[in-house]
Amino acid sequence: ASCVENYSAAAIAGRGFAFDGTVESIGPGTTDRPGDGRLNSSAVTFTVERWFTGGSGNTMTIDMSPPSESPRLSEAPPSYEVGTRLLVSGESRYGEGISKDGVAWGCGFTRYYDTETASAWLAATE
């Protein structure tokens, strides 16, 4: 696998969505469709602390690579569990809007929360 775009804080402004959130629940993915490829993802519901771009509201459910305790490819988002705080960004998989088919990107575009990166994302999206 390879990344579609190289990560930078400035590139966050070009994503369909970006937020700071804490994992609330994890369930079966919702964006796989017959004939459109399988991501074998998990639907992850977040309590949103802050929106940087592309959304509003206190919760958001998007598809992500499933959590894993095994070594991860650098292209995959970090592993997580209920209670993990992440900076999440990505796109609408089919162009129907993030609330219907939002998918988190890897390659650094979804990462563990830290104040320095969160500040950089805020500065890039203001």
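Heavy atoms only: backbone and side chains are in, while hydrogens, waters and symmetry mates are out. Worth saying up front: this structure is predicted, and the values here are computed from it rather than measured.
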- For residues Pro67 and Ile26, report the shortest heavy-atom separation together with the two atoms involved. CG-CD1, 4.2 Å

- Task: Specify the closest pair of heavy atoms between Phe17 and Val103, including all atoms of both residues, with the distance to one decimal.
- Result: CZ-O, 3.6 Å

- Note on the structure: In this structure, CE of Met60 is separated from CD1 of Ile98 (nearest 0.5 Å) by 4.0 Å

- Heavy atoms only: give me the nearest Ser25-Val82 pair and the separation to one decimal. CA-CG2, 4.2 Å

- Within a strict 4.5 Å, meaning less than it, do heavy atoms of the Thr84 and Tyr112 side chains meet? yes

- Message: Checking Thr61 now: which residues fulfil side-chain contact (heavy atoms from CB on, under 4.5 Å) with it, not counting sequence neighbours?
- Response: Ala43, Thr45

- Atom of Ala120, atom of Ala9 and distance for their closest heavy-atom approach: CB-CB, 3.8 Å

Could you give the side-chain donor-acceptor pairs of residues 86-95 under 3.5 Å, partners two or more places apart or in another chain?
unit_1: Ser89; atom_1: OG; unit_2: Phe109; atom_2: O; d: 2.5
unit_1: Glu91; atom_1: OE1; unit_2: Gly16; atom_2: N; d: 3.4
unit_1: Glu91; atom_1: OE2; unit_2: Arg15; atom_2: NE; d: 2.8
unit_1: Glu91; atom_1: OE2; unit_2: Arg15; atom_2: NH2; d: 3.2
unit_1: Glu91; atom_1: OE2; unit_2: Gly16; atom_2: N; d: 3.0
unit_1: Ser92; atom_1: OG; unit_2: Gly95; atom_2: N; d: 3.0
unit_1: Ser92; atom_1: OG; unit_2: Glu96; atom_2: N; d: 3.0
unit_1: Ser92; atom_1: OG; unit_2: Gly97; atom_2: N; d: 3.0
unit_1: Ser92; atom_1: OG; unit_2: Asp101; atom_2: OD1; d: 2.4
unit_1: Ser92; atom_1: OG; unit_2: Asp101; atom_2: OD2; d: 3.3
unit_1: Arg93; atom_1: NH1; unit_2: Thr31; atom_2: O; d: 3.0
unit_1: Arg93; atom_1: NH1; unit_2: Thr31; atom_2: OG1; d: 3.3
unit_1: Arg93; atom_1: NH1; unit_2: Asp32; atom_2: OD1; d: 3.1
unit_1: Arg93; atom_1: NH2; unit_2: Asp36; atom_2: O; d: 3.1
unit_1: Arg93; atom_1: NH2; unit_2: Gly37; atom_2: O; d: 3.0
unit_1: Tyr94; atom_1: OH; unit_2: Thr31; atom_2: O; d: 2.8

- Taking every heavy atom of Trp51 against every heavy atom of Ser56, the minimum-distance pair comes out as NE1-C, 3.2 Å

- Message: Is it true that, when you exclude Asn40 itself, more than 12 heavy atoms of the residues, nucleotides or ligands shown sit nearer than 6.0 Å to its CG?
- Response: yes

- Item | Tyr80 side chain reached by Met64 side chain, heavy atoms, under 4.5 Å | yes

- Is a side-chain N or O of Thr110 found less than 3.5 angstrom from the main chain of Gly106, in a donor-acceptor match? no

- Task: Could you go through the side chain to side chain contact (heavy atoms under 4.5 Å, CB included) check for Val23 and Phe46 one step at a time?
- Result: CA-CA 5 Å; Val23 176; Phe46 289 88; 3.6 Å; yes

- Message: Applying salt bridge (charged side-chain N to carboxylate O under 4.0 Å, His left out) as the test, list every pair that has at least one member in residues 107-126; sequence neighbours left out.
- Response: none

- From Ile62 CD1 over to Trp105 CH2, what is the distance, rounded to the nearest 0.5 angstrom? 13.0 Å

- Please round to the nearest 0.5 Å and tell me the distance separating atom CZ of Phe19 and atom OG1 of Thr125. 13.5 Å

- Query: For the residue pair Asp20 and Phe52, what are the closest heavy atoms and their distance?
  - Reply: N-CE1, 3.7 Å

